[in-house]
Amino acid sequence: MTLQTLPPYRDRALIGGEWISGTATTDVHDPATGAIIAQVPALGAEEADRAIAAAERAQIAWRARPAIERADLLHAWHALVLCHKDALAAILTAEQGKPLAEAAGEIAYAASFVRWFAEEARRIDGEIIPAPRSNQRVLVWKEPVGVVAAITPWNFPAAMVTRKVAPALAAGCAVILKPAPETPLTALALAGLAEEAGIPAGLFNVVTGDAQAIGGAFMKSPVVRKLSFTGSTAVGQMLYAQAAPTLKRLSLELGGNAPFLVFEDADIEAAADGAILGKFRNAGQTCVCVNRFLVHDKVHDAFVEALAARMDRLVVGPGTHPQSTIGPLINQRAVTKVEQHVADAVARGGKLVTGGALDHDLFFTPTLIADVPADAIIAREETFGPVAGIIRFSDEADAIRMANDTEFGLAAYVYTRDIGRAMRVSGALEYGMIGLNEAAISTEVAPFGGIKASGQGREGSRHGIQEYLELKYVMMGGL
Ligand code: ADP
């Protein structure tokens, strides 16, 4: 079986319903082997502008369609995604590296956004506000923002796409997507399935190629009314500045530095289970991955022991092997960063409990470092790799202070069995999302997003669609 023989596979960009090849191409690699698995068009500003124009044209009819018709087309897309779940997972693993079971889980998660926003499409209702005078009526309508640009990262090649495209389409917008250069194939396959589902041409465009040129065209264009971006804080800040001249609406889901607090009254076994899920999913390459474990002195050793025992059962290997639970990191730059963070933590007195080195190629061994000082790089910067650093604390106020001592504010995790503490600490943490005795926080039904340098806006939930809607108010007089 080769990728090219999988039915949803596409290696061309999609602009206004046409599948485009480029004169130049960009290689797509399998991070598990380094092999080139595909080449996609290396497009630029000109093609981005064409896609914006196509989106602008297509959006006129789309916004006028009854909500139930938009919903039905999204439901059809959802059904096709599920129908091709295995093929999509194979494409995803080939370009991103995560174990096949995780990839299949991501496809189901990606599909859940399409279903959710298909349902939400029919609940975009307005308001009637009691008017100041008896001969007036105040009506509030919700309208699509218009043409939306979406820029997505490589760590969730499917879910980050549907989480933006589905609410945009449900709201009556048209989208131009620029997927990550590392993982364009999943995005293109999803767009192919949207086309097959009957979503009209020009509503979901995918432009692969030069990030700066394509992003620049998006940001310059007054037609693009909104940008939804998931990626690094540095690029998010740059796009924020570029959005100023045209005052675009922005949803930014940026970096994190998630703390995982284990109090002395926690269920240590449950905390260790949560730690495996919260730290090692996608080999530690998720924006809500635990970056720092803050563990009370009294339970530090027990937690380290419980976590180490579970880490022994992780299996490093290619995502295509059914036993693998830790795939490769995305590229050499990611490996170098992880190596630097480990070396720094150990140099500052951290105790290496397990791992600490490269297994082979881009595969990093799951690593546990105890007694990490709070000023280590690993405690301050996003590691994005399979390394757990444990920092001690001795009282609640100290734990909260350390947890909040970061520019980031995406996700935080708290393990305690004291209900007062659970509420107190959840209230005091400056984060957009809290996992309370729970590490699996991502779901289409909840508002996902962060504060501070982790961004703004929310994705998923009934709030997610509001990001793609404008309010218009009509004052009716003389009644
Ligand atoms: P990472 O370092 O994890 O790849 P990035 O923030 O660089 O994170 O990438 C996230 C997404 O942003 C990718 O699709 C990437 O191509 C895109 N991107 C990177 N630089 C720019 C830019 N200057 N303008 C627009 N998009 C960009």
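Scope of the values below: all heavy atoms of this structure, side chains included, with no hydrogens, waters or symmetry mates. We're numbering straight along the sequence, starting at 1.
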Q: May I ask you to decide whether D273 forms a salt bridge with R310, counting only side-chain N to carboxylate O separations under 4.0 Å?
A: yes
Q. Does F384 have its ring centroid less than 6.0 Å away from the ring centroid of W154?
A. yes
**Q.** Aromatic contact, Y240 with F229 (centres under 6.0 Å)
**A.** no
Q. Is the backbone N or O of T383 less than 3.5 Å from a side-chain atom of N291, with the two atoms forming a donor-acceptor pair by type?
A. yes
Q: Determine, for R163 against E459, whether the closest basic-nitrogen to carboxylate-oxygen distance falls under 4.0 angstrom.
A: yes
Q) Hey, do the aromatic rings of F204 and W62 have their centres closer than 6.0 Å? A) no
Q) Would a distance-only check, ignoring hydrogens and angles, find a side-chain to backbone donor-acceptor pair under 3.5 Å from S461 to V445? A) no
Q: Please lay out, stage by stage, how E253 and S454 fare under the test side chain to side chain donor-acceptor pair (under 3.5 Å).
A: CA-CA 6 Å; E253 206 263 276; S454 293; over 6 Å; no
Q: Would you mind checking if E18 and R12 are paired as a salt bridge, meaning a charged N to carboxylate O distance below 4.0 Å?
A: no
**Q.** NZ/NE/NH1/NH2 to OD/OE distance under 4.0 Å, R115 and E119
**A.** yes
Q: Evaluate the side-chain proximity of L250 to Q456: yes if any heavy-atom separation is below 4.5 Å, no if none is.
A: yes
Q: Could you walk me through whether V224 and I52 pass side chain to side chain contact (heavy atoms under 4.5 Å, CB included), step by step?
A: CA-CA 7 Å; V224 174; I52 293 167; 3.9 Å; yes
Q: Using the six-membered ring wherever Trp is involved, compare the ring planes of Y109 and F156 and label them parallel, tilted or perpendicular (cut-offs 30° and 60°).
A: perpendicular
(Q) Quick check against the 3.5 Å criterion: does K248 have a side-chain atom that pairs as donor or acceptor with the backbone of R225? (A) no
(Q) Could you go through K98 and Q285, starting from their C-alpha distance and side-chain angles, then the distance that decides it, and tell me whether this counts as side chain to side chain donor-acceptor pair (under 3.5 Å)? (A) CA-CA 10 Å; K98 68 179 66 177; Q285 304 172 109; over 6 Å; no
